[in-house]
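Each chain gets a letter, A, B and so on, in the order its sequence line appears, and its residues count up from 1.
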Number of protein chains: 2
Amino acid sequence: MIRRSARRMTRQRKIVLEELRKVTSHPTADQLHQMVRRRLPGINIATVYRNLEILTDEGEVMKLDVAGTQRRFDGNALNHYHIRCSRCGRVDDVHMDVVDSLEEAAAKACAYTVLSHTVEFVGICPGCRDGN
Amino acid sequence: MIRRSARRMTRQRKIVLEELRKVTSHPTADQLHQMVRRRLPGINIATVYRNLEILTDEGEVMKLDVAGTQRRFDGNALNHYHIRCSRCGRVDDVHMDVVDSLEEAAAKACAYTVLSHTVEFVGICPGCRDGN
DNA sequence: TTGCAATTGCGATGCACTTGCAATAAGAAT
DNA sequence: ATTCTTATTGCAAGTGCATCGCAATTGCAA
């Protein structure tokens, strides 16, 4: 019988999750590493990556593979849309309804079994637009 | 006066574009490199990358920065949606209408100037589903 | 034909992420 | 509490994709 290995709630994993949940920004792994380091100075970046992978796997957090740039992470695992600033790379949530009907439309339009969808908007953030 | 440098249609650039237009798949840079190499054995991968960058810039082709995987390229620069197989990584077009109203909704829901959007579906392709 | 900047090929480099491995430490069993 | 198993960690080295510096080449306008 295939048994998935028991997960342990290590200090590292706990703090990675706490710090990610604490912010509404979408930090990259190394930004989060900096944040976590303030509470756990010795933690290694590889550990942060490994835990983010596991937490994503468990559905606790969300991995954002945003267009061609560095991966970012989101403490909110519910599907929601994002917008990325094409000038500074910043990523924000877009507080609009998720359009689940897109998936039905896609299912009709291709031969795949559709599982999920993501929407990414690209634009200019207020900071960049208003010149800073 | 700022003058963007004059572009030259080199043999390399021409063939990169032709090969990419020739297929409906969404090759990665190195897949395209292989294809181009059959006609131009000496071409370097860096040249392929540079040309894809320039052609994207000119709106001739589209760069697909698909979720966390290797970058892919699309000979069709008009906005359309894609679906990625979560098992094999293959990417296909989804022949459904582009929902431009998403951008209006996003504009209302955040403070950005919205420029564009992309939708990516994730699913299981027929080949993987039907067991191969 | 000439001049020259855009482009190429090549190797080196960068960057983000992953992995192998020995040491450490959760947390279940005793 | 103590023991035991094995998941997890820190570290360093490794990967893979993409980019860069530079000298040589080549479009192409004059």
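- Residue pairs satisfying the side-chain hydrogen bond (donor to acceptor under 3.5 Å, both in side chains) criterion with at least one member in residues 101-111 of chain A, sequence neighbours excluded, are listed as follows: A/Glu103-A/His117.
- Judged as a ring-ring contact (aromatic ring centres under 6.0 Å, His included), the pairs with a partner in residues 82-102 of chain A (not counting sequence neighbours) are, in order, A/His26-A/His82, A/His80-A/His82.
- Atom CD1 of A/Ile124 and atom SG of A/Cys85 lie 5.0 Å apart (nearest 0.5 Å).
- Counting only heavy atoms from C-beta outward, the side chains of B/Lys63 and B/Arg72 never approach each other to under 4.5 Å.
- Under the side chain to side chain donor-acceptor pair (under 3.5 Å) criterion, A/Arg90 pairs with A/Asp92, sequence neighbours left out.
- The side chain to side chain donor-acceptor pair (under 3.5 Å) check on A/Asp30 picks up A/Thr28, A/Gln70, with sequence neighbours excluded.
- In this structure, the CD1 atom of B/Ile54 is 12 Å from the P atom of D/dC20, given to the nearest Å.
- Comparing the axis of the opening five pairs of the helix from C/dT1-D/dA30 to C/dT30-D/dA1 with that of the closing five pairs yields an angle of 30°, rounded to 10°.
- Between B/Lys14 atom NZ and C/dT8 atom P there is a gap of 14 Å when expressed in whole angstrom units.
- At whole-Å resolution of the value, CG in B/Asn51 and P in D/dG27 are 13 Å apart.
- Applying the side chain to side chain donor-acceptor pair (under 3.5 Å) test to B/Arg13 and every residue at least two apart in sequence or in another chain returns B/Asn51.
- Summarising the hydrophobic clusters (Ile, Leu, Val, Met, Phe, Trp, Tyr; side-chain heavy atoms under 4.5 Å, direct or chained), the residues clustered with A/Leu20 are A/Ile15, A/Val16, A/Leu17, A/Val23, A/Leu32, A/Met35, A/Val36, A/Leu40, A/Ile43, A/Val48, A/Leu52, A/Leu55, A/Val61, A/Phe73.
- For the contact set between residues 18-43 of chain B and DNA chain D, defined by any heavy atom under 4.0 Å, there are no members.
- Between B/Arg13 atom CZ and C/dA6 atom P there is a gap of 11 Å when expressed in whole angstrom units.
- Residue A/Met96 belongs to a hydrophobic cluster whose other members are A/Tyr81, A/Ile83, A/Val94, A/Val98, A/Val99, A/Leu102, A/Tyr112, A/Val114, A/Val119, A/Phe121, B/Tyr81, B/Ile83, B/Val94, B/Met96, B/Val98, B/Val99, B/Leu102, B/Tyr112, B/Val114, B/Val119, B/Phe121, with links defined by side-chain heavy atoms closer than 4.5 Å.
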If a protein heavy atom is under 4.0 Å from the base, mark B; if only from the sugar-phosphate, S; if neither, -; do that for nucleotides 18-30 of chain C going 5' to 3'. BBB----BBS---
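- Listed by chain and number, the residues in a salt bridge (Lys or Arg N to Asp or Glu O under 4.0 Å) with A/Arg21 are A/Glu60 (sequence neighbours excluded).
- Distance CG (A/Leu52) to C1' (D/dT9): 15 Å, rounded to an integer number of Å.
- Residues forming a side chain to side chain donor-acceptor pair (under 3.5 Å) with B/Thr113 (at least two apart in sequence, or on another chain): A/Arg129.
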